[in-house]
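Structure first, then comments.
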Amino acid sequence: METDLPITVAAQSADILGEVPLWCERTQRLWWVDVRRPALQSFDPATGRHAAQRLHPDLITGSIALREEGGFLLAAPGGLFVFDPATGEAARRIADPLQGAAGMRLNDGKCDRRGRFWVGSMHDTRREPLGTLYRVEPDGRCTAMLDGFVLPNAICFSPDDRTMYFADTHNQVIWAFDYDIAAGALSNRRVFKDWTHQKGRPDGATVDAQGYVWNCMVASGQLVRLAPDGRVDRVIQLPVTNPTCPAFGGEGLATLYITSHSQRFTPQEQAAEPLAGALLALDVGVRGLPEPRFGTARAGH
């Protein structure tokens, strides 16, 4: 386990539940959310500036995506909304997969390289297998693809678009699927990594340019790099107990950023762990992949 890798605090954001960072090459900023506040945040590595924009209380945003047309897609209990922080206009709903189901919200989500958004649902308080994985087309059409999940996370795609990864944090399992990007179809579901034997639980994930999966482990404070065959390649111990999601960003996509949470911390626990809820940054020696945008349809993919 690596314990001496230099780790810096990019932003002391004090998030309750920091999540889903992503790098925008247009704004040259890292964007992420505090699910519980709720707020859309950004970090500019050129200036060190951290900014936070409060969202409407109804927009408990579990994940975000960059939009080809500008602004963001927000995944909230009331559906999927388009929002541009530059204008501050009210978010506009384009889809409502949950149809008002009591207690349900959308959680982790990620775009594929055809501009579709994949997002999982969950009950906000009950840890029961009520969640569904949805595929959302650029025109807002939603298709339920899989169900029976408690806490959906770790959605990401291999560099060749042939594999999709997906986890149930509660059940401590990451799956891999064969992915047909032309059809947006999943097949050959299999266990990629079973974490039920240990304390940490798989949360958010990203894939680097070499095709390895970087996964944040809540409860154990570990950042794990997994080879395409599921083998543990590296384990980095972070200075927070609950890292939530990684994303490559900055110049050359060479910096790995990590969000974290302080949810349910007592004042004593927060005092003992002052970086809980911060945005962390480290150089892990590999580069990431550009973040796809919702609505993009790239030829050749």
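Every value quoted in this text rests on a predicted model; they were computed, and no experiment measured them.
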**OP:** Check whether any side-chain heavy atom of D180 sits under 4.5 Å from a side-chain heavy atom of S187, and report yes or no.
**Re:** no
Original post:
Does L22 share a hydrophobic cluster with L17, counting links as ILVMFWY side-chain heavy atoms below 4.5 Å and allowing steps through other members?
Top reply: yes
Original post:
Does any pair with a residue in residues 246-275 pass salt bridge (Lys or Arg N to Asp or Glu O under 4.0 Å), and if so which ones, sequence neighbours excluded?
Top reply: none
Original post:
According to a 4.5 Å side-chain heavy-atom criterion applied to Ile, Leu, Val, Met, Phe, Trp and Tyr, with indirect links allowed, do Y165 and V191 form part of one hydrophobic cluster?
Top reply: no
Subject >> Atom CD of E128: over 12 foreign heavy atoms under 6.0 Å >> reply: yes
Subject >> same_hphob_cluster(L74, L66) at 4.5 Å side-chain heavy-atom cutoff >> reply: yes
Subject >> Straight-line distance of K193 NZ to D229 CG, nearest 0.5 Å >> reply: 9.5 Å
Subject >> Nearest-0.5 Å distance, CE of residue M145 to CH2 of residue W118 >> reply: 4.0 Å
**OP:** Give every residue pair that meets the side-chain hydrogen bond (donor to acceptor under 3.5 Å, both in side chains) criterion with at least one member in residues 75-85, sequence neighbours excluded.
**Re:** none
Original post:
Should the heavy atoms of other residues, nucleotides or ligands under 6.0 Å from CZ of R189 be counted, would the total exceed 12?
Top reply: yes
**OP:** Would you kindly say whether D112 and Y179 are connected by a side-chain donor-acceptor distance under 3.5 Å?
**Re:** yes
Subject >> Residues clustering with I16 (ILVMFWY side chains joined when closer than 4.5 Å, directly or via others) >> reply: none
**OP:** Take R201 and L151 through the side chain to side chain contact (heavy atoms under 4.5 Å, CB included) test and state the conclusion after the steps.
**Re:** CA-CA 11 Å; R201 300 190 298 274; L151 211 170; over 6 Å; no
Original post:
Do any N or O atoms from the side chain of N171 and from the backbone of V173 form a donor-acceptor pair under 3.5 angstrom?
Top reply: no
**OP:** Could you tell me which non-hydrogen atom of A10 sits nearest to which non-hydrogen atom of Y257, and how far apart they are?
**Re:** CB-CE2, 4.1 Å
Please tabulate, one pair per line, all N/O donor-acceptor pairs under 3.5 Å involving side-chain atoms of residues 279-292, not counting sequence neighbours.
{"unit_1": "D283", "atom_1": "OD1", "unit_2": "G285", "atom_2": "N", "d": "2.9"}
{"unit_1": "R287", "atom_1": "NH1", "unit_2": "G252", "atom_2": "O", "d": "2.8"}

Subject >> S260 (side chain) donor-acceptor with T244 (main chain) under 3.5 angstrom >> reply: no
Original post:
Mind checking whether W214 and F248 have parallel, tilted or perpendicular rings, split at 30° and 60°?
Top reply: perpendicular
Subject >> Shortest non-hydrogen contact from F43 toward A11 >> reply: CD1-CB, 4.5 Å
Subject >> Validation row: R293, C24 side chains within 4.5 angstrom (heavy atoms) >> reply: yes
Original post:
Within a reach of under 6.0 Å around CD of Q237, are more than 12 heavy atoms found that belong to other residues, nucleotides or ligands?
Top reply: yes
**OP:** Take I94 and F294, measure what side chain to side chain contact (heavy atoms under 4.5 Å, CB included) needs, and give me the verdict at the end.
**Re:** CA-CA 12 Å; I94 64 165; F294 183 64; 3.8 Å; yes
**OP:** Grab the two heavy atoms, one from T163 and one from A176, that are nearest each other, plus how far apart they are.
**Re:** CG2-CB, 4.1 Å
Subject >> Pairs involving residues 57-108, ordered by first then second residue, that meet ring-ring contact (aromatic ring centres under 6.0 Å, His included) (sequence neighbours left out) >> reply: W31-F72
**OP:** Answer yes when E68 and R26 have at least one side-chain N-carboxylate O distance shorter than 4.0 Å, and no when they do not.
**Re:** yes
Original post:
Can you find a heavy atom in the side chain of L256 that is under 4.5 Å from one in the side chain of L223?
Top reply: yes
Original post:
Distance-only, no hydrogens or angles: does the T61 side chain make a donor-acceptor pair with backbone N or O of L59 under 3.5 Å?
Top reply: yes
Original post:
Counting only N and O atoms by type, is there a donor-acceptor contact under 3.5 Å from the side chain of D108 to the main-chain atoms of I155?
Top reply: yes
Original post:
Which pair of non-hydrogen atoms, one from E19 and one from C245, has the smallest distance, and what is that distance?
Top reply: OE1-CB, 3.6 Å
Original post:
Are side-chain heavy atoms of T259 and V20 found at a separation under 4.5 Å?
Top reply: no
Original post:
Can you name the nearest heavy-atom pair linking P202 to N215, along with the distance?
Top reply: CB-OD1, 3.1 Å
**OP:** State whether R49 and D44 are salt-bridged, where the test is any N-O pair (Lys NZ or Arg NE/NH1/NH2 against Asp/Glu carboxylate O) under 4.0 Å.
**Re:** no
Subject >> Donor-acceptor pair, side chain of D147 and main chain of G131, under 3.5 angstrom >> reply: no
Original post:
Hey, are the side chains of I181 and R116 touching, using non-hydrogen atoms and a 4.5 Å cut-off?
Top reply: yes
Subject >> Any donor-acceptor N/O pair, Q263 side chain to G277 backbone, under 3.5 Å >> reply: no
Subject >> same_hphob_cluster(V119, L130) at 4.5 Å side-chain heavy-atom cutoff >> reply: yes
Original post:
Which other residues belong to the hydrophobic cluster containing F265, where Ile, Leu, Val, Met, Phe, Trp and Tyr are joined when side-chain heavy atoms lie under 4.5 Å apart, directly or via other members?
Top reply: none
Original post:
Is there a donor-acceptor pair under 3.5 Å between the side chain of E2 and the backbone N or O of I236?
Top reply: no
Original post:
At what distance, to the nearest 0.5 angstrom, does CG of L253 lie from OG1 of T255?
Top reply: 9.0 Å
Original post:
How far does OG1 of T241 sit from NZ of K199, to the nearest 0.5 angstrom?
Top reply: 7.0 Å
Subject >> Derivation of the side chain to side chain contact (heavy atoms under 4.5 Å, CB included) call for W23 and Q28 >> reply: CA-CA 7 Å; W23 178 258; Q28 289 292 295; 3.6 Å; yes
Subject >> Side chain proximity check, M164 to K110, heavy atoms < 4.5 angstrom >> reply: no
**OP:** Find out if a path of hydrophobic residues (ILVMFWY) with successive side-chain heavy-atom gaps under 4.5 Å connects L98 to L73.
**Re:** yes
Subject >> Donor-acceptor contact present, side-chain T132 to main-chain S121, <3.5 Å >> reply: no
Original post:
Counting N and O atoms only, with roles assigned by atom type, does the side chain of D34 sit under 3.5 Å from a partner on the main chain of A39, one being a donor and the other an acceptor?
Top reply: no
Original post:
Is atom CZ of R92 surrounded by more than 12 heavy atoms (other residues, nucleotides or ligands) closer than 6.0 Å?
Top reply: no
Subject >> Straight-line distance of T169 OG1 to D203 CG, nearest 0.5 Å >> reply: 4.5 Å
Original post:
Within the side chain of N188, is there an N or O that forms a donor-acceptor pair under 3.5 Å with the backbone of F177?
Top reply: no
**OP:** Test M122 against H170 for side chain to side chain contact (heavy atoms under 4.5 Å, CB included), laying out the working first.
**Re:** CA-CA 11 Å; M122 61 179 283; H170 181 79; over 6 Å; no
Subject >> Any R190 side-chain heavy atom under 4.5 Å of D178 side chain >> reply: yes
Subject >> Straight-line distance of L275 CG to Q270 CD, nearest 0.5 Å >> reply: 9.5 Å
Original post:
What pair of heavy atoms forms the shortest contact from Q222 to P243, and how long is it?
Top reply: O-CG, 3.9 Å
**OP:** Sort out for me which residue in F192, F149, W195 forms a ring-ring contact (aromatic ring centres under 6.0 Å, His included) with W175.
**Re:** F149
Original post:
Do D233 and R231 sit within salt-bridge range, that is, some charged N less than 4.0 Å from a carboxylate O?
Top reply: yes
